[in-house]
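See below for the structure under consideration.
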2 protein chains.
Amino acid sequence: MTDKKEKILNAALELFAQDGFKATSTNKVARKAGVSEGLIFRHFESKDGLLQAIIQEGEKRAKVLFADIVLEHDPKLVIEKTLNILFNMMADETAANFWKLQHKIKWETEQYGEHKVEPLIMALTNAFEKLGVENPQMEAKLFTLLMDGLATQFYLVKEFDAHGIVSYIKSKYRF
Amino acid sequence: MTDKKEKILNAALELFAQDGFKATSTNKVARKAGVSEGLIFRHFESKDGLLQAIIQEGEKRAKVLFADIVLEHDPKLVIEKTLNILFNMMADETAANFWKLQHKIKWETEQYGEHKVEPLIMALTNAFEKLGVENPQMEAKLFTLLMDGLATQFYLVKEFDAHGIVSYIKSKYRF
DNA sequence: TACATTTGCAAGTGATTACTCACTATTAAA
DNA sequence: TTTAATAGTGAGTAATCACTTGCAAATGTA
């Protein structure tokens, strides 16, 4: 990975997350990265290729994030850690852009990527079962619904009180 | 409202909801509507004006939908009717496109439109209070979170079991 | 009828789009 | 040191973009 290639990725990530994929021109990306426009196509073939590279990196990060949860034995911690994903998304500006883009792009491409969430649903189902919940699978699905709503409002609602809501949810799920 | 003006609105609604606002060219809209491209600008001034016209129509529909809930006295019915909004969004193809666009456009413009949801949150808060919930305001906010998650998965997850999830939620909120 | 307004179209406009191409600079093995 | 591959540039390209203009047809109104 050359220096300029990484600069392209970073610039693209920020612009795609801010303005959207379609609304961001390759010219803009090149200027922000301090690079000739042609270099984008040398490295990524097409504008879509550039997006795919960013999304792939996102999948990697998601796997790392989910792995810690899937391996967790304590059901209460599975739930808590899942909710903490939201705070992980706020960690720093790069991370924030990263996850914002992942959510944003879902609506632009209309692809949710069910397979990515599947292991998380399994882990949650297992956790709820251990906790004696009547319908653990439904409860797990409901929980992912909540996470989606959380992300939506976190990114789109001004002055959204993430900490307040999350700690309220945690108190509700404290068995 | 002339016949052709309405055809433009319908074509634009469908295309914007399917492919997104930025990704849809005025040329495409005109061709789908069976109309000259110039006519779009005669009636709506700009591409953005066309979008605004559609969104305004959406706000009207939202008001009608919410009014029925806000005026409801029975707290259980407030909750049930709120959840039923999802089924209202599935009523017919036009309605589906309408609400899909409203959700999609949130991410493209990054504006959630808090003020629109405010009366619904008030109604829900009131309902939860009547039902003796400890923290009715938080519970109401949590409920809108759920509704956002519901919409997200309804539009983006293939084979999403809307009826199953909604009836599960209803059973959870049956006090 | 006469006149004014609205509705509509076809053929433009300059700007911007994603992408290509011919070429040079740098790096790294042989 | 020669050779080959990779990294990088800058000036193109045709196509598409939102939008304008001039003029004709339809419609309302007195």
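Naming: A, B, ... by sequence-line order, numbering from 1 per chain.
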Tell me which residues in residues 23-32 of chain A lie within less than 4.0 Å of DNA chain D, going by non-hydrogen atoms. none
Check ion pair A:Glu114-B:Lys158 (N to O, under 4.0 angstrom): no
With a sphere of 6.0 Å drawn around NZ of A:Lys63, does it hold more than 12 non-hydrogen atoms of other residues, nucleotides or ligands? no
Heavy atoms from other residues, nucleotides or ligands near NZ of A:Lys141 exceed 12 (cutoff 6.0 Å): no
Check the side chains of [Y] and [X] for a donor-acceptor pair under 3.5 angstrom, ignoring hydrogens and angles.
| X | Y | value |
| --- | --- | --- |
| A:Lys170 | A:Asn84 | yes |
| B:Gln137 | B:Thr125 | no |
| B:Glu139 | A:Tyr168 | yes |

For a 4.5 angstrom cut-off between non-hydrogen side-chain atoms, does [X] reach [Y]?
| X | Y | answer |
| --- | --- | --- |
| B:Ile165 | B:Phe154 | no |
| A:Ile105 | A:Ile54 | no |
| A:Gln111 | A:Lys106 | no |
| A:Lys172 | B:Leu142 | yes |

Answer yes or no: is there a donor N or O on one side and an acceptor on the other, between the side chain of A:Lys47 and the main chain of A:Thr24, under 3.5 Å? yes
Over 60° means perpendicular and under 30° means parallel, so classify the ring planes of B:Phe21 and B:Phe16, tilted if in between. perpendicular
Rounded to 10°, tell me the angle between the two end axes of the helix from C:dT1-D:dA30 to C:dA30-D:dT1, each built from five pairs. 10°
For ring pair (Phe, Tyr, Trp, His ring centres under 6.0 Å), just list the numbers for A:Tyr155 and B:Tyr112, CA-CA rounded to whole Å, side-chain angles, deciding distance to a tenth of an Å, and then say yes or no. CA-CA 9 Å; A:Tyr155 286 114; B:Tyr112 187 82; over 10 Å; no
What pairs with A:His43 under ring-ring contact (aromatic ring centres under 6.0 Å, His included), at least two apart in sequence or on another chain? none
First contact, last contact: which nucleotides of DNA chain C are these for chain A, 5' to 3', heavy-atom distance under 4.0 Å? C:dT17 to C:dT20
To the nearest angstrom, the CZ-C1' distance between B:Phe41 and D:dG22 comes to 17 Å
Quick tally for nucleotides 6-13 of chain D: nucleotides whose base has a protein heavy atom under 4.0 Å get B, sugar-phosphate-only ones S, the rest -, giving -BBBB---
Looking only at heavy atoms, which two atoms of B:Gln153 and A:Asp148 are closest? And how far apart? NE2-OD2, 2.9 Å
Using a heavy-atom distance cut-off of less than 4.0 Å, which residues of residues 7-18 of chain A contact DNA chain C? none
